[in-house]
Amino acid sequence: RRPEIFVLCDVSTSVTSASVFFLSVMHALHDSFRKMRSFVFIERISEVTEVFAKERDFKAVSDAIGRDAGVADISGYTDYGRVWREFRDQVEDELHPRATVIVLGDARTNGRDPAAPVFGSITAKAGRTFWLNPEPRLYWNYGDSVIAAYEQHCEAFECWTTRQLEDFVKALTREFV
């Protein structure tokens, strides 16, 4: 049995070019893993698993998510704390030691509560958690970036070059210990 994979993607305007890239990563993951649930978020989280199940063409997937995902974007600012609480409430009973959680985002909280303990409780139930950050490591933890608060609960990767994406894929395809 394949492990269940949960992918969460920040699609806020501050990471627009990265969000297009991350949606393409989600698209590729859906082609590779059958038991996968996908979510997009800005201020709130929306499940988009069905969009990937219905659409095979990336442009159609991207258009459908942009049009129909229902992601709350009242202020235009990411609210990771709210996202973690909503995600935990939606999937907590489905997380298990063979599950993998993948976060695609810059960990910029816009001054909002990062809710790192909630993120920690999610990762404690999953077997593995990976974070792909589109920013160079040099910019991590500057300004409103709180990746250090999350990094203690997951394996974090810079993800702005092909080589870095390869490193993530190698880690993802490693067997569970």
Side-chain angles (χ1 to χ4, degrees), residues 1-11 15 18-58 60-62 64-65 68-72 78-107 114-134 147 149-159 164-177:
R1 174 177 167 249
R2 286 191 180 176
E4 184 114 14
I5 296 179
F6 299 85
V7 182
L8 297 91
C9 181
D10 180 350
V11 293
V15 290
S19 65
V20 170
F21 169 69
F22 282 152
L23 286 175
S24 68
V25 170
M26 289 174 79
H27 193 260
L29 288 169
H30 270 275
D31 285 343
S32 301
F33 299 98
R34 288 177 292 167
K35 296 197 80 179
M36 183 172 149
R37 289 180 67 185
S38 295
F39 302 83
V40 294
F41 64 89
I42 300 175
E43 285 186 271
R44 312 232 17 208
I45 194 166
S46 294
E47 185 165 2
V48 293
T49 304
E50 289 303 313
V51 173
F52 286 98
K54 290 179 189 172
E55 299 288 351
R56 298 308 320 138
D57 177 67
F58 176 71
V61 166
S62 186
I65 288 172
D68 303 325
V71 177
T78 309
D79 189 342
Y80 278 92
R82 174 184 255 170
V83 166
W84 301 142
R85 286 186 281 279
E86 290 179 355
F87 179 69
R88 178 198 57 204
D89 293 348
Q90 288 181 36
V91 305
E92 187 170 31
D93 294 338
E94 297 175 55
L95 292 173
H96 53 83
R98 296 215 25 101
T100 299
V101 174
I102 302 169
V103 181
L104 313 169
D106 61 7
V118 177
F119 181 70
S121 71
I122 291 164
T123 66
K125 288 190 152 211
R128 303 183 303 175
T129 303
F130 300 103
W131 192 301
L132 278 65
N133 191 324
I147 189 70
Y150 300 134
E151 195 173 13
Q152 61 188 312
H153 303 289
C154 65
E155 192 173 349
F157 293 84
E158 284 179 279
C159 195
Q164 292 163 340
L165 184 59
E166 285 177 16
D167 292 342
F168 161 69
V169 170
K170 286 176 188 171
L172 178 63
T173 56
R174 277 193 313 251
E175 290 294 318
F176 276 93
V177 180

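Residues A116 and A149 share a closest heavy-atom pair of CB-O, 3.7 Å. Here the shortest heavy-atom pairing between D79 and E43 reads CB-O, 3.8 Å. Closest heavy-atom contact between A60 and E55: CB-OE1, 3.2 Å. Closest non-hydrogen pair, G105 versus P134, comes out as O-CD, 3.5 Å. The shortest non-hydrogen separation linking M26 to M36 is O-CE, 3.9 Å.
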So F41 and Y80, ring-ring contact (aromatic ring centres under 6.0 Å, His included) or not? Walk me through it.
CA-CA 9 Å; F41 64 89; Y80 278 92; 5.3 Å; yes
Give the C-alpha distance, both sets of side-chain angles, the deciding distance and a yes or no for side chain to side chain contact (heavy atoms under 4.5 Å, CB included) between V101 and I5.
CA-CA 6 Å; V101 174; I5 296 179; over 6 Å; no
Side chain to side chain contact (heavy atoms under 4.5 Å, CB included) evaluation trace for L23 with V40
CA-CA 9 Å; L23 286 175; V40 294; 4.2 Å; yes
Where do L132 and V103 land on the side chain to side chain contact (heavy atoms under 4.5 Å, CB included) test, with the steps shown first?
CA-CA 6 Å; L132 278 65; V103 181; over 6 Å; no
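Not counting sequence neighbours, the partners of Q164 by the side-chain contact (heavy atoms from CB on, under 4.5 Å) test are E158, W160, T161. Among residues two or more places apart in sequence or in another chain, the ring pair (Phe, Tyr, Trp, His ring centres under 6.0 Å) test is passed with F130 by F168. For the salt bridge (Lys or Arg N to Asp or Glu O under 4.0 Å) test, residues two or more places apart in sequence or in another chain that qualify with E86 are R44, R82. With sequence neighbours excluded, the residues that form a side-chain contact (heavy atoms from CB on, under 4.5 Å) with D167 are F157, R163. In this view, E92 satisfies the salt bridge (Lys or Arg N to Asp or Glu O under 4.0 Å) rule with no residue, not counting sequence neighbours. For the ring pair (Phe, Tyr, Trp, His ring centres under 6.0 Å) test, no residue two or more places apart in sequence or in another chain qualifies with H153. Checked against ring pair (Phe, Tyr, Trp, His ring centres under 6.0 Å), F22 has no partners two or more places apart in sequence or in another chain. Qualifying side-chain contact (heavy atoms from CB on, under 4.5 Å) partners for T49, counting only residues two or more places apart in sequence or in other chains: H30, R37, S38, E47. Remark: A115 pairs with W84, R85, D113, V118 by the side-chain contact (heavy atoms from CB on, under 4.5 Å) rule, at least two apart or across chains. The side chain to side chain donor-acceptor pair (under 3.5 Å) search around Q90 returns none, not counting sequence neighbours. With sequence neighbours excluded, no residue forms a salt bridge (Lys or Arg N to Asp or Glu O under 4.0 Å) with E50.
Inter-residue side-chain proximity for F39 and V91 is flagged as met; some heavy-atom pair is nearer than 4.5 Å.
A salt bridge is absent between E94 and K35: the closest approach of a Lys/Arg side-chain nitrogen to an acidic carboxylate oxygen does not fall below 4.0 angstrom.
Atom CD of E155 and atom CH2 of W131 lie 14.0 Å apart (nearest 0.5 Å). Between the CD1 atom of I122 and the CZ atom of F6 there is a distance of 10.5 Å, given to the nearest 0.5 Å. Residue S46 holds its OG atom at 11.0 Å from CG of L8, rounded to the nearest 0.5 Å. Rounded to the nearest 0.5 angstrom, D10 CG and T78 OG1 are separated by 4.0 Å. Atom CD1 of I102 sits about 5.0 Å away from atom CG of L172, to the nearest 0.5 Å. Note: T100 OG1 to F33 CZ = 8.0 Å, rounded to the nearest 0.5 Å.
Proximity of a side-chain donor or acceptor of Y150 to a complementary backbone N or O of P114 within less than 3.5 Å is detected.
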